[in-house]
Amino acid sequence: MQFGGRATEAQSAEMYAACRAAGITHFDTAWVYTDGTSEQILGRLIKSERDQLLIATKAGYEGGASAANLRTQLDQSRRRLDLDMVDVFYLHRFDPHTDLRETMDCFAALKAAGVIRYAALSNFAAWQVMKAQMAGMACGLAVDILQPMYSLVKRQAEVEILPMCTDQGITAACYSPLGGGLLTGKYAGGGGGRLSEDSRYGARYGTATMHQTATALAELAAERGTHPATLAVAWAAAHPAAPVPIISARSAEQLQPSLAALDCRLDSDLYAAIQALSPRPAPATDRLEEQEDNKD
Ligand SMILES: NC(=O)c1ccc[n+]([C@@H]2O[C@H](COP(=O)([O-])OP(=O)(O)OC[C@H]3O[C@@H](n4cnc5c(N)ncnc54)[C@H](OP(=O)(O)O)[C@@H]3O)[C@@H](O)[C@H]2O)c1
């Protein structure tokens with residue numbers, strides 16, 4: 001999402017190289033990111049080793065979930081990425097105005113034609129995913145991957161989305177594991193970044209509780225001699241549903257603590273200590289007091 005925006009092409013190339021050196025094979029972009037520059041830069045970077053990679057893009061953030069819009073944007077994404085086939089193709093968000101049967105039929109046809117490998121959804125509620133599963137039954141298509149928001153300061157996915165993914169055999173590729181940068185702790189020290197530059201993110205991560213969580217995580221990280229971003233990404237990945245956090249930065253230097261999460265295993269005490277730094281979301285039934293492990 002930063003390629004061609006906050007990260008120049010040279011910085012994007014450095015981040016790409018750092019990811020590859022760390023063993024990362026999955027790269028995520030979208031038709032809507034940086035007016036198409038993100039896909040073009042990624043396309044240039046992956047050229048010599050495409051077969052070793054899992055490339056994801058998304059359509060329908062603008063223009064809805066109709067087959068015509070998904071096909072038009074996918075074709076444009078494939079041209080920008082210079083790819084015949086996109087591994088993971090997401091509908092970027094739920095579209096209440098399009099029948100999900102049309103969307104799922106479209107995914108099935110694209111799979112059959114070999115232009116996508118996995119059908120994916122992003123920013124869907126659990127009931128919307130299950131509606132898509134039902135809509136896909138007629139054409140034999142199930143959702144492969146879901147991309148929800150998930151971090152220590154955005155834990156709604158724990159309530160229904162992540163348990164649903166486990167139940168349905170859907171891989172969760174979670175975005176914003178650092179809460180857009182909040183969980184690096186830099187705002188507590190008066191630093192700036194996306195939250196101060198982009199009002200949408202400022203509002204998304206604007207509550208005092210979230211900032212208190214970020215400060216507490218930074219203190220815990222200092223005690224452990226590590227970076228708060230490393231703990232934040234490792235914590236998101238350690239959920240029992242085994243989500244795959246999508247990391248991001250504006251430079252290779254910034255990316256390093258997130259990459260370090262690959263080698264950071266949280267024992268159960270540390271996992272619980274991090275978890276206790278933010279309020280636990282109520283269960284779907286709202287009977288929080290009846291949860292057996294209701295400690296935080
Ligand atoms: N499906 C969707 O709707 C959706 C939405 C959002 C993202 N995504 C995907 O998920 C990816 C990750 O999302 P995200 O960028 O929101 O992830 P994030 O990890 O929560 O935030 C990354 C941002 O945190 C800041 N940061 C990272 N490391 C830092 C460090 N060491 N020190 C200081 N600041 C640091 C940088 O922003 P600043 O320097 O600007 O502060 C960086 O761009 C995106 O690239 C995109 O592919 C998808």
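Whatever order the structure lists ligands and atoms in, that order sets their numbers, starting from 1.
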Location of contacts on Ser248 toward ligand 1, heavy atoms closer than 4.0 Å: both
How about Asp84: does its CG atom have over 12 heavy atoms from other parts shown lying under 6.0 Å from it? no
Taking only heavy atoms of Tyr187 into account, list the atoms of ligand 1 that are under 4.0 Å away from them. 41 (O)
Consider every N or O of Gly193 and every N or O of ligand 1, then say whether any pair is closer than 3.5 Å. no
Does Leu70 share a hydrophobic cluster with Val115, counting links as ILVMFWY side-chain heavy atoms below 4.5 Å and allowing steps through other members? yes
For the aromatic rings, using the six-membered ring if either is Trp, is the centroid distance between Phe27 and Tyr16 under 6.0 Å? yes
Looking only at N/O atoms, are Lys58 and ligand 1 under 3.5 Å apart anywhere? no
Please say yes or no: joined through hydrophobic side-chain contacts below 4.5 Å, possibly via intermediate residues, are Val244 and Leu262 part of one cluster? no
Check Ile24, Ile46, Asp87, Leu45 against Leu53 for a side-chain contact (heavy atoms from CB on, under 4.5 Å) and give me the one that passes. Ile46
Where the closest heavy atom to atom 37 (O) of ligand 1 is concerned, which of Gly180, Ala249, Ala236 has it? Gly180
Is there a side-chain contact between Lys154 and Tyr205 (heavy atoms, below 4.5 Å)? yes
Once you restrict to heavy atoms under 4.0 Å, what part of Tyr201 touches ligand 1? Side chain, backbone, both or neither. side chain
Positive for salt bridge (Lys or Arg N to Asp or Glu O under 4.0 Å) with Glu39, one of Arg78, Arg80, Lys58: Arg80
Any Tyr150 heavy atom less than 4.0 Å from ligand 1: no
Could you list the atoms of ligand 1 found under 4.0 angstrom from a heavy atom of Arg250? 38 (P), 39 (O), 40 (O)
Would you say the side chain of Val88 lies within less than 4.5 Å of the side chain of Arg117, judging by non-hydrogen atoms? no
How does Pro177 reach ligand 1, if at all, at less than 4.0 Å between non-hydrogen atoms: by side chain, backbone, both, or neither? both
Taking only non-hydrogen atoms of Ser122 and a 4.0 Å limit, the atoms of ligand 1 in range are 1 (N), 2 (C)
Any N or O on Gly179 sitting closer than 3.5 Å to an N or O of ligand 1? yes
Check the orientation of Trp235 and Tyr271. Use parallel for under 30°, tilted for 30 to 60°, and perpendicular for over 60°. parallel
Atom indices of ligand 1 within 4.0 angstrom of Arg6 heavy atoms, with elements: 40 (O)
Just heavy atoms, cut-off under 4.0 Å: does Gln256 contact ligand 1 by side chain, backbone, both, or neither? neither
Taking only Lys NZ, Arg NE, NH1 and NH2, and the carboxylate oxygens of Asp or Glu, determine whether Lys47 and Asp82 approach each other closer than 4.0 Å. yes
Flag yes if Tyr90 and Leu110 sit in one hydrophobic cluster, no otherwise; membership is Ile, Leu, Val, Met, Phe, Trp, Tyr, and two members link when side-chain heavy atoms are under 4.5 Å apart. no
Any idea which of Val153, Asp28, Ile247 brings a heavy atom closest to atom 9 (C) of ligand 1? Asp28
Under-4.0 Å salt bridge between Glu197 and Arg250: yes
Among His239, Glu158, Gln156, whose side-chain hydrogen bond (donor to acceptor under 3.5 Å, both in side chains) with Tyr150 holds? Glu158
Select one of side chain, backbone, both or neither to describe which atoms of Ser176 lie under 4.0 Å from any atom of ligand 1, heavy atoms only. both
Can you confirm whether Met149 sits close enough to Arg204 that some side-chain heavy atom of one is under 4.5 Å from a side-chain heavy atom of the other? yes
Between Thr29 and Ser38, is there a side-chain donor-acceptor contact under 3.5 Å, judged purely by atom types and distance? yes
For atom 11 (C) of ligand 1, closest protein heavy-atom neighbour: Ile246 CG2, 3.6 Å
Shortest heavy-atom approach to atom 46 (C) of ligand 1 - which of Tyr61, Tyr33, Tyr175: Tyr33
Please work out whether any backbone atom (N, CA, C, O) or any side-chain heavy atom from C-beta onward of Glu253 is under 4.0 Å from ligand 1, and answer side chain, backbone, both or neither. neither
Checking heavy-atom distances from atom 39 (O) of ligand 1 to each of Met149, Gln254, Arg194, the winner is Gln254
From the options Arg204, Gln2, Lys186, Glu197, select the one whose nearest heavy atom is closest to atom 38 (P) of ligand 1. Lys186
Heavy-atom pairs closer than 4.0 Å: do any link ligand 1 to the side chain of Tyr205, the backbone, both, or neither? neither
Tell me whether the centres of the aromatic rings in Trp31 and Phe89 are closer together than 6.0 Å. no
Pro257 to ligand 1, any heavy atom closer than 4.0 Å: yes
May I ask you to identify the nearest protein heavy atom to atom 25 (C) of ligand 1, giving residue, atom name and distance to one decimal place in Å? Gly181 CA, 3.7 Å
What are the atoms of ligand 1, with element, lying closer than 4.0 Å to any heavy atom of Asn123? 1 (N), 2 (C), 3 (O)
State the atoms of ligand 1, each with its element, that fall below the 4.0 Å cut-off from a heavy-atom position in Met1. 6 (C), 7 (C), 15 (O), 44 (C), 45 (O), 46 (C)
Relative to the heavy atoms of Gln147, which atoms of ligand 1 are at a distance of less than 4.0 Å? 1 (N), 2 (C), 4 (C), 8 (N), 9 (C), 48 (C)
Leu183, portion touching ligand 1 at heavy-atom distance under 4.0 Å: neither
